[in-house]
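Numbers restart at 1 for each chain; the letters A, B, ... are given by sequence-line order, proteins then strands.
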Protein chains: 2
Amino acid sequence: MSEEISTKGERTRHAILDAAYRLFIEQGYHATSMRRIADGAGLALGGIYNHFPSKEDIYTALLLERHPYHKILPVLQSADGKTTEEYIRNAANALINELGGHPEILNFALIEIVEFEARHTSMLFANIFPQILPLTRRIADTQNNLRSIPLPVILRAFLGMFFSYYITDILIASVMPAEMRRNALDHFVDIFLHGIIKPE
Amino acid sequence: MSEEISTKGERTRHAILDAAYRLFIEQGYHATSMRRIADGAGLALGGIYNHFPSKEDIYTALLLERHPYHKILPVLQSADGKTTEEYIRNAANALINELGGHPEILNFALIEIVEFEARHTSMLFANIFPQILPLTRRIADTQNNLRSIPLPVILRAFLGMFFSYYITDILIASVMPAEMRRNALDHFVDIFLHGIIKPE
DNA sequence: CCTACCGATCGGTAGG
DNA sequence: CCTACCGATCGGTAGG
């Protein structure tokens, strides 16, 4: 992400991706026009086509370079914690710090479902796959007394818990009854932990 | 849903909504044109405007009349079960039966996030709100030994668990490692149950 | 409810 | 990388 941006071409490409990323997250793919992307990147419409052959190519480039898993998986990989409980709580906090006040970045995953019928996921998954095994190993390495649930399912459930927290938050955010929000994420994490750890 | 459809006007209106519903779920809102909706409903483009003033009005009508919560909440309300565990397992099974092989109906909730920045949710929530309290009461009525988690949060977590199961399923469906899929929903339900019920 | 049309905007390109 | 343009399609409407 923070590599040196050397050539001018690379800088322009970067500006196009930045603008498209912001607009896609804000209004979705089909509602975003190439003209607005060009505006956002500070060039004329035709200029974009020196860097990307089509609108969908901008999208797939973003899918490969900035899908939320790029932020999420490294955080999970590097979270501390000897016991499973420690690890999960740390990972959850780290994720909150990372995604922070910007849950919209998860929108990028939703666009793929809503506007593309998940057509690019196999491509995307080929990209993610190598990171799955180390991550389950990271979880397996915690000192744990886990219920007998396959580790990949535990990983999936953890990611799902996070996702569902954000989605329910966005969907009913300001109108949600206060009792539904208070400490909701803490409760979600507690439910998850009690769900995967054997009681003494 | 299965009310008598009497007048011709009502039947046409219904056909328009049906066609739009199918197309929106398949390709999203902005990728769906009024012409294709008209085709799907079996009339000419202009004919739609005898029933709806604009494309967005078709969408909001669907939001109020066919949002997935219309299927989900009644199922939760009427599920059997004396103990909490019985109730949750029955509710989960009933939901699976209801949504069955059609997880795409959840797409409708995602469109609102991705393509409308959740702009209509307060309207929608006003609609849903009266059904929340009875539902938390239904949960409270089960013979339970629950951990101290507010009931609305439990409800939110249950809905979220379901949602996250479907989303992770869609997102990485055919490419997901087999170990991530095997009995995944059962595991999700188990995690949830152990998460909310005190051990003996 | 259809036909025939409107202005606007879309993704993309040629040519320099 | 911009200017000026292309054909296609968009949401919506007038008039009958």
Q | A:Arg22 and A:Glu104 ion-paired at < 4.0 Å | A | no
Q) So which nucleotide does D:dA4 pair with, by the Watson-Crick or G-U wobble rule with both distances under 3.5 Å? A) C:dT13
Q | Shortest non-hydrogen contact from B:Tyr69 toward B:Pro74 | A | O-CD, 3.6 Å
Q) Can you name the one residue among A:Leu62, A:Ile37, A:Asn50 that meets side chain to side chain contact (heavy atoms under 4.5 Å, CB included) with A:Ile16? A) A:Ile37
**Q.** Cationic N near anionic O, under 4.0 Å, A:Asp80 to A:Arg89
**A.** no
Q) For DNA chain D, which residues in residues 45-61 of chain B have a heavy atom at a distance below 4.0 Å? A) B:Leu45, B:Gly46, B:Tyr49, B:Ser54, B:Lys55
Q: Shoot me the first and last contacting nucleotide of DNA chain C against chain A, ordered 5' to 3', at under 4.0 angstrom to non-hydrogen atoms.
A: C:dC10 to C:dT13
Q: Determine whether the aromatic ring centres of B:Phe188 and B:Phe162 lie less than 6.0 Å apart.
A: no
Q.
I'd like to know whether the aromatic ring centres of A:Phe192 and B:Phe192 sit less than 6.0 Å apart in this structure.
A. no
Q.
For B:Glu85 and B:His194, which I'm curious about, is there any donor-acceptor pair between the side chains at under 3.5 Å?
A. no
Q) Ring centroid separation for A:Tyr59 and A:Phe116, is it under 6.0 angstrom? A) yes
